[in-house]
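Whatever order the structure lists them in is the order used to number ligands and atoms, beginning at 1. Please read these numbers as outputs of a predicted model, since none were measured by experiment.
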Amino acid sequence: MNCTKYIFVTGGVVSSLGKGIVAASLAKLLQARGFSVAIQKLDPYINVDPDTLNPYEHGECFVTIDGAVTDLDLGHYERFLSINTTQANNITTGRIYQTVINNERRGEYLGKTVQVVPHITNEIKRHIRLLGATNEIVITEIGGTVGDIESLPYIEAVRQLRYELGAANSLIIHLTLVPYLGAAKELKSKPTQHSVKQLLENGIQPDILVLRTEHELSEEFRKKTALFCNVDANAVVQSIDVSSIYEVPIKMQQEKLDEVVLQKLQIEDAPPADLTNWTAFLDKYNHPQQKIKIGLVGKYIELHDAYKSILESLVQAGAYNECSVEVNFIQAEGITENNVAEKLRDLQGVLVAPGFGSRGVEGKIAAIKYVRENKIPFFGICLGMQVATIEFARNVLGYEQANSTEMDSNAPHKVVDIMENQKDVTNKGGTMRLGAYSCEITPRTLAHKVYKSTAISERHRHRYEFNNHYLSAYEAAGMAASGRNKESQLVEIMELTTHPFFIGTQFHPEYQSTVLHPHPLFVAFVKAAMEN
Ligand code: GLN
């Protein structure tokens, strides 16, 4: 291929259509045909990144190796493609404006009036082309829905790029919803027609339509939609509801989405997509030999998107172990010493989730005490690990009022304390300990058995850390720091030596688990739960 091809994915009619999954599935198919594919998400909101957003607003923040706090769709990209994304894969309006305004203050626009067109659109286009330098195909997902005021500069940038790149080097895929009217027993194409009209008003003719639907679309329906929307009949692709997001690449292959894309981009002689490993995963996922229940103790239990990567990591680890993992969400706030036995009944393992602030912390402590004493497999992530150390301090070491400085800045025993280099930080966004750090694992520990290595690298997102002042007391009582960062000596992994499986990590292993490479900690946790 002599020049990079650009694919834009837009959405219409409603949000939450699964644009990210369709984009990641297409990327998977193209990657499985041997192309180097990059995939990015452009988010139209004004936050510079989602770091300060409440999970209720936005779901999980996904953290990349270079420490970018990004949209959860990047998690899908990594899980589908087994690639590392970076800040370049997620740009927001806030970041675009920040750059343009900084340029303006430096006098870089040479006295010109700075405007949405061309300055903002140029900056958007620059970000899209950036990934083209090192990849054969760039897929750009435009967040939001066509017609939103805040999406307009992105749509305009796509219009301009399409003109600059030419039809053979760029492609627009528009994703819409086909509603089914139960009373009339009919699927409706009108919302799609209107949505395409909206795109046309903005100067964009989509090349391919992907239609989300709960029912099979007939040949006739596709032809009619094609006719009204000026697309080829074979470029109307159905995306039917499936039981697992990991089925979507298979569905898209059956619909020949990748074939149509290659044909329109005038790429010939590409080998067919080799999905052998992917289908082997699905086969295991669909034929579990065993079933377990894992309790996920957190505070956003009504909102599964808040724990997206953790849930997917459990699914992947389950499939790897040929085990179906049912996750029971348990509201941390509702747990007390009195009801904990009842709340955690029937669970083969308990995972205590990451989080911020004091809500639910005492419930998490009660849950951890119970699983520690009853030898139920436990996995604590970030705040989950911190809380495990607080529980141990209070109930084993006898420091009754031990706490984290985050929860009680006057606690007599701050076993989890603010990091030295965080003390003077006042800005909230993008200022935590972020991104990948190396970790040295102590030989002959559970962590070592799990990772089968003494040198690992994992991603972080937190402001507080285990207080090394107390480490010797912990180790003497059976809780060991089995992973530490060599330079800073920060404790990265804690484990209980007297328990079958009790481990907490200051980092977030869930960001590195993918379909084809499930994370060893999740695999080991599920296995321990299966044996429980
Ligand atoms: N609130 C804790 C901290 O900032 C833990 C963060 C997390 O769980 N990601 O250190």
List in chain and number order the residues that pass side-chain contact (heavy atoms from CB on, under 4.5 Å) with Lys449, two or more places apart in sequence or in another chain; answer none if no residue qualifies. none
Close aromatic pair by centroid cut-off 6.0 Å: Tyr320 and Phe522: no
Can Glu60 and Ser309 be counted as having a side-chain donor-acceptor contact under 3.5 angstrom? yes
Results of salt bridge (charged side-chain N to carboxylate O under 4.0 Å, His left out) for Glu391 - residues two or more places apart only: Arg372
If a pair satisfies ring pair (Phe, Tyr, Trp, His ring centres under 6.0 Å) and one of its residues is in residues 340-362, list it, with sequence neighbours excluded. none
For ligand 1, which of its N or O atoms have a protein N or O partner closer than 3.5 Å, and how long is each gap?
{"residue": "ligand 1", "atom": "1 (N)", "partner": "Gly355", "partner atom": "O", "Å": "2.9"}
{"residue": "ligand 1", "atom": "1 (N)", "partner": "Glu406", "partner atom": "OE1", "Å": "2.7"}
{"residue": "ligand 1", "atom": "1 (N)", "partner": "Glu406", "partner atom": "OE2", "Å": "3.0"}
{"residue": "ligand 1", "atom": "4 (O)", "partner": "Arg463", "partner atom": "N", "Å": "3.0"}
{"residue": "ligand 1", "atom": "8 (O)", "partner": "Gly355", "partner atom": "N", "Å": "2.9"}
{"residue": "ligand 1", "atom": "8 (O)", "partner": "Gly355", "partner atom": "O", "Å": "3.4"}
{"residue": "ligand 1", "atom": "8 (O)", "partner": "Leu383", "partner atom": "N", "Å": "3.0"}
{"residue": "ligand 1", "atom": "9 (N)", "partner": "Arg461", "partner atom": "O", "Å": "2.9"}
{"residue": "ligand 1", "atom": "9 (N)", "partner": "His508", "partner atom": "NE2", "Å": "3.1"}
{"residue": "ligand 1", "atom": "10 (O)", "partner": "Gln386", "partner atom": "NE2", "Å": "3.1"}
{"residue": "ligand 1", "atom": "10 (O)", "partner": "Arg463", "partner atom": "N", "Å": "3.2"}
{"residue": "ligand 1", "atom": "10 (O)", "partner": "Tyr464", "partner atom": "N", "Å": "2.9"}

On a heavy-atom basis, which atom in Phe80 and which in Pro249 lie closest, and how many Å separate them? CE2-CG, 3.6 Å
